[in-house]
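In what follows, chains carry the letters A, B, and so on, assigned in the order in which the sequence lines appear, proteins first and then strands, with residues in each chain numbered from 1.
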Amino acid sequence: MPDTLDYMILGYVVAFVLLGITIGSVVWRYRSYAKTEALLDQLEASEQSATSNPSTPPNASSAATNAVPSR
Amino acid sequence: MQYSESRTRTLQWLTYASIGLFIISFLMIFFYVGPEQTQGEVQRIFYTHLGAFFGSFLLFIAAFIAGIQYLRTRQEKWDDLGLSAIEIGLGFSLINIVTGSIWARPIWNTWWTWDPRLTTVSIMWLAYAAYMMLRSGIEDPNRRRRFAAVYSILAFSSVFLTIIIIRIRPDTIHPVAAGPTSTSEGIEGDFAMSTRITETLLFTIFTYVVISITVLWHRIRLENRAKQIQSRKMKLLLNA
């Protein structure tokens, strides 16, 4: 029986890496969209509070718009 | 977009099933079936190689059907299906090509040769890669969807050609794993299929089919999510 173990290992490593990239790219985008959605939630909430409370100075609303999620 | 709870549960179940099947298939490849006598350990690549091919084949069929359905109905969901299927199919197809090349090195004594099957599979991969470029090159969404649908139907001819080429060309050296063949003289790397090899092969193909359906479903949901985010961004910009 020929010794072809190295090629088998190489084949499976490459296959798992490629499968990982294919699935990982979907997972990574899911997470990235989740972060964007959280930011949009914040922006929409500040927008709503600004329209429901017209006495709020315009600067307060723009400050909320520029808000970034805490780390 | 709100999804029904039963669908979400089905997707969750399918995801767990995919992970479970993948682990069982891995154990079968390395512990249930022994090494093949003439090729040695490298023959084990064959299971993943063929499984990935069937996965990509299924996804490209889905893209072909989605293309027809989009042209018939003009519903965006078919375009989403086509895009998602081709994107995931390209990944599976690449696994098929690269594992085949690694298997070929000790068996054919070369990483690559312009054998009819290898040539058609390369054309197939490039044809679907061009689909992604075509989409990014058209700005008008309706035009993009229409062109993509027509292209995905035409690109399917490369899949069909890849399947039949080893059955009609006598000068191929690529083994035929299943079905009739017109030649057996020039084939390099063919081997006898024992019961355990057949069982492991069928199980791995089934595993890859389930994985491809699961990833496709997640990818479609991702597309819906992207659209939802885009429309929310637009709304906020209009209100600003």
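In this structure, B:Lys235 places its NZ atom where only 12 or fewer heavy-atom neighbours from other residues, nucleotides or ligands lie under 6.0 Å away. Taking a 6.0 Å sphere around CH2 of B:Trp13, one finds it holds 12 or fewer heavy atoms contributed by other residues, nucleotides or ligands. For A:Trp28, the CH2 atom counts as loosely surrounded, since its 6.0 Å shell holds 12 or fewer non-hydrogen atoms of other residues, nucleotides or ligands. Summarising the local packing, OH of B:Tyr32 is surrounded by more than 12 heavy atoms from other residues, nucleotides or ligands at distances under 6.0 Å. Around atom CZ of A:Phe16, more than 12 heavy atoms belonging to other residues, nucleotides or ligands sit under 6.0 Å away. Heavy atoms of other residues, nucleotides or ligands lying less than 6.0 angstrom from CD of A:Gln48 number 12 at most.
Atom CD of B:Glu36 sits about 9.5 Å away from atom OG1 of A:Thr4, to the nearest 0.5 Å. The CE atom of A:Met8 sits 10.0 Å away from the OG1 atom of B:Thr48 when rounded to the nearest 0.5 Å. Distance check: B:Ile211 CD1 to A:Thr22 OG1 gives 11.0 Å after rounding to the nearest 0.5 Å. Here the OH-CD distance, from A:Tyr33 to B:Gln230, works out to 9.0 Å after rounding to the nearest 0.5 Å.
For A:Asp6, the salt bridge (charged side-chain N to carboxylate O under 4.0 Å, His left out) test picks out no residue, with sequence neighbours left out.
In terms of modelled atom types and a separation under 3.5 Å, the side chain of A:Tyr12 and the main chain of B:Arg44 share a donor-acceptor contact. Using modelled atom types, no side-chain atom of B:Thr99 and backbone atom of A:Ala15 make a donor-acceptor pair closer than 3.5 Å.
Chain B forms the most heavy-atom pairs under 4.5 Å with one residue out of A:Val14, A:Val27, A:Ile9, and that residue is A:Val14. Ranking A:Leu10, A:Ile23, A:Asp3 against chain B, the residue ahead of the rest is A:Leu10, based on heavy-atom pairs under 4.5 Å. Most heavy-atom pairs under 4.5 Å with chain A: of the set B:Arg232, B:Arg105, B:Gln37, this distinction falls to B:Arg232. Chain A forms more heavy-atom pairs under 4.5 Å with one residue of B:Leu236, B:Asn239, B:Thr214 than with any other, namely B:Leu236.
When heavy atoms are compared at a cutoff of 4.5 Å, A:Leu19 approaches chain B by way of both its backbone and its side chain. For B:Ala226, the parts sitting under 4.5 Å from any heavy atom of chain A are the backbone and the side chain alike.
A salt bridge links A:Glu37 with B:Arg225: the closest approach of a Lys/Arg side-chain nitrogen to an acidic carboxylate oxygen falls below 4.0 angstrom.
For residues 78-97 of chain B, heavy-atom neighbours of chain A at less than 4.5 Å comprise B:Glu87, B:Ile88, B:Gly91, B:Phe92, B:Leu94, B:Ile95, sorted by residue number.
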Q. Should A:Tyr7 and B:Gln39 be marked as a side chain to side chain contact (heavy atoms under 4.5 Å, CB included) after you check the CA-CA gap, both sets of side-chain angles, and the distance that decides it?
A. CA-CA 11 Å; A:Tyr7 292 101; B:Gln39 297 185 16; over 6 Å; no

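A perpendicular orientation is assigned to the rings of B:His218 and A:Tyr30, their planes being inclined by more than 60° (bins at 30° and 60°).
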